[in-house]
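Each chain gets a letter, A, B and so on, in the order the sequences are listed, and its residues count up from 1.
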Amino acid sequence: MTDIIRVAVAGPFTEALDYLPPANGPAPAVGVRVRVPLGRRERVGIVTAGPTASDLAADRLRPIIDVIDPTPLLDPATMALIEWAARYYHHPPGEAYLTALPTRLRRGEPATPGQSTAWHLTDAGRAAQPDARARRAPRQRQLLEALQRSGTLTPVQLAGIGGDARSVLRRLVEQGLAATDTAPDYGLLPGRADQPGAALNDEQQACAAAIRPTAGHAAILIDGVTGSGKTEVYLDAIARSLECGRQVLVIVPEIGLTPQLVQRFQSRLSGRIAILHSGLADGERLNAWLAARAGVADVVIGTRSAVFVPLARPGLIVIDEEHDASLKQQEGFRYSARDLAVLRAYRSDVPVVLGSATPSLESLANAAQGRYQHHALTRRAGHARPPSMQLLDMRGQPTREGLSQPLIDRVQSHLDAGGQALLFLNRRGFAPTLICHECGWLAECDRCDARYTYHRGRGRLHCHHCNREQRLPHHCPSCGSVDLRALGLGTERIEAALTEAFPQTPPVRIDRDSTRRRGSFEQAMQRAQTGETRLILGTQMLAKGHHLPAVTLVAIVDADQGLFGADFRAPERLAQQVIQVAGRAGRAERPGEVVIQTHHPEHPLLQQLLHGGYPAFARTALAEREAAGLPPMRAMALIRAEATDRHAPLAFLRAAVPLAPADDAVERLGPFPAPMERRAGRHRAQLMLLADSRSNLQAVLSGWLPALGRLPEARQVRWSVDVDPAESL
DNA sequence: AGCACGCCGACT
DNA sequence: GTCGGCGTGCTC
């Protein structure tokens, strides 16, 4: 038996691979990156164990090519978290390790931060008498004084001085008065702590008091209505953590990591802040990651993947908008940043805070079972009162492009009273369907089982599922009629209807189409926030975060689409959307009003929301999930398969069923075709597993999945497992 | 996932 | 006679 090193490399391997130690030099430590041969290629991998014995025949072993890191890149806790996640989500560990690393480290580049030049005075420079300086050119004098004042000058500070400071400095260096050195530059943002926080009310105080940075692990769910000041509680807890010398990790949904949020953190906290999100340049991302790992950053604000960032001195983890589906990766390594953050906090023995105005049913169930502390923030900050909510029965109502007369009247009266109105419709484009009035032909995408959405502004048909676009046909391809009509509602159409109904008050539309240009979202929001525009309409994008204090009316244009979704989570999503959008209204002095257009005013979900708000809805929804045997009461996993061939996905899943380990504790549903069977030219099917316990589910998956890859049918499909799926479509 | 090998169709 | 299509199989 030869001593080998285990190395996790990207590829379809369920385990790390065995390698001989490098020919020249000692065995690399666990946690360092190495370059290894794999087939004809060379790969970067992470050492996960060794030296140890191999089960493999010696003649199949190849040596490590070289060792990249002098010291471990990943600490044991981070490695254990990634290993655990790879097993739990049944994803190859090598891929899990590499997705946890910034691109540059993945490619094997050195783990060193950016460098910046800094200038300082030499002894000669310091010794130069003030009067001697006085004889110098004014620019030189200015820089000498600046160097004297601040000790060193960095490029950022130089930019503040202006002019061609660099060439003046070069002169000073030539004269021996100044010298350069290089210093690591992690590109961190300074916390300025120059704004006082609002005093916490008693609810916020009780909640903040429960977050004790040095008292070990606790999971705290902050269930706070919009405007109740969750962020103030986070900031209070973060500041106390920083005072204890601990780092804080804040995880936010992709869309939540806005400059405004960063600004707010900077203005309220001291210490250095690192930002981690997908929009960063490779170098910036590497710097932020290294700063977190080195303990140079005190606060790390990041999206999903930041849950894996190593921390030198972890003290607190915050997950904002914990209900948000974007915290679950939807392809490849399908991990939940929220769930992993809770596990990580537990293992690091630090508190974790989960905040939302509309907590996921998962988190509410955890709270009910005593695993999380549950803190409700029921009062809005300042004098803002909760909005009143009202259903508008659409049945039999005449409508103008989807707007009922009562809704138009409400909008008018709010505008008359000097308020702003916000209309929410979660469907962009002009209309979701284009139909031939002569023969009934529908404009359908030829790659998806879906209809084209008609975008009038662009004069095109657009499939929202595969992004295929087409010019608008002049006449029906089936019968030749020119009477093609738009059926149904989209934001463009509402915009047109509003423009006509309120000619004096031009609306601003905020959706992915209208905000495609860089900065146009901020611009539109600006117009809404300053009151320059008093009619605001849009999608999803409106529901998140931004304060619109002058909005007094919020209208949900069409609640019906969310009531009968195929996904069992559709009602939860609708409720969250309604509450989040409603939360935009009446945040200032004026009371807000929320109206919901529906053809199903008697629907229990709407009735619950209306009379008991989100908590009442959640109670009912949890009872329904319990009765139906669905998450969060039971654990779920999906096995998905897709292929260009129509029959292959179902054939694969049917072949898979008999290989499943017998276990009565795990219920199997399907296989069945996905609700939208064909998408982007691929046919899709799935098989659902439900179990009373996660460990039963895991046992079945572990005993089953390895056999699936060996099925001949597996070669015809792309298949994947999704543990705790966020969408079961 | 890559990247080879290998065994059948249309081309300089 | 080759160039190249993508089915099949392997990587420690």
How close or far is atom [atom2] of [N] from atom [atom1] of [X], stated in whole angstroms?
X: A/D645; N: C/dG7; atom1: CG; atom2: P; value: 12 Å
X: A/F13; N: B/dC3; atom1: CZ; atom2: P; value: 13 Å
X: A/D3; N: C/dC12; atom1: CG; atom2: P; value: 19 Å
X: A/E42; N: B/dG2; atom1: CD; atom2: C1'; value: 15 Å
X: A/D18; N: C/dC12; atom1: CG; atom2: C1'; value: 6 Å
X: A/R35; N: C/dT11; atom1: CZ; atom2: P; value: 23 Å
X: A/Y97; N: B/dA1; atom1: OH; atom2: P; value: 21 Å
X: A/R43; N: B/dA1; atom1: CZ; atom2: P; value: 11 Å

Do A/F308 and A/Y335 make the cut of ring centroids closer than 6.0 angstrom? yes
C/dT11 phosphate, OP1 or OP2: any side-chain N/O from A/R60 under 4.0 angstrom? yes
Hey, is A/D449 close enough to A/R679 for a salt bridge, meaning N to O under 4.0 Å? no
Selected nucleotide, minimal atom distance to A/Y19 side chain, candidates C/dC12, B/dG2, C/dT8: C/dC12
When you measure from the side chain of A/R715, which nucleotide among B/dC3, B/dA1, C/dG9 comes out closest? C/dG9
Does any N or O in the side chain of A/R293 come within less than 3.5 Å of the main-chain N or O of A/L73, such that one atom is a donor and the other an acceptor? yes
Pick the nucleotide of DNA chain B nearest each of A/R718 and A/R40; which residue has the one closer to the 5' end? A/R718
Which is true for A/P92 with a 4.0 Å heavy-atom rule: it touches a base, it touches only sugar-phosphate, or it touches nothing? nothing
Could you give me the CA-CA distance, side-chain angles and deciding distance for A/R654 and A/L650, then say whether side chain to side chain contact (heavy atoms under 4.5 Å, CB included) is met? CA-CA 6 Å; A/R654 288 199 185 110; A/L650 269 181; 3.7 Å; yes
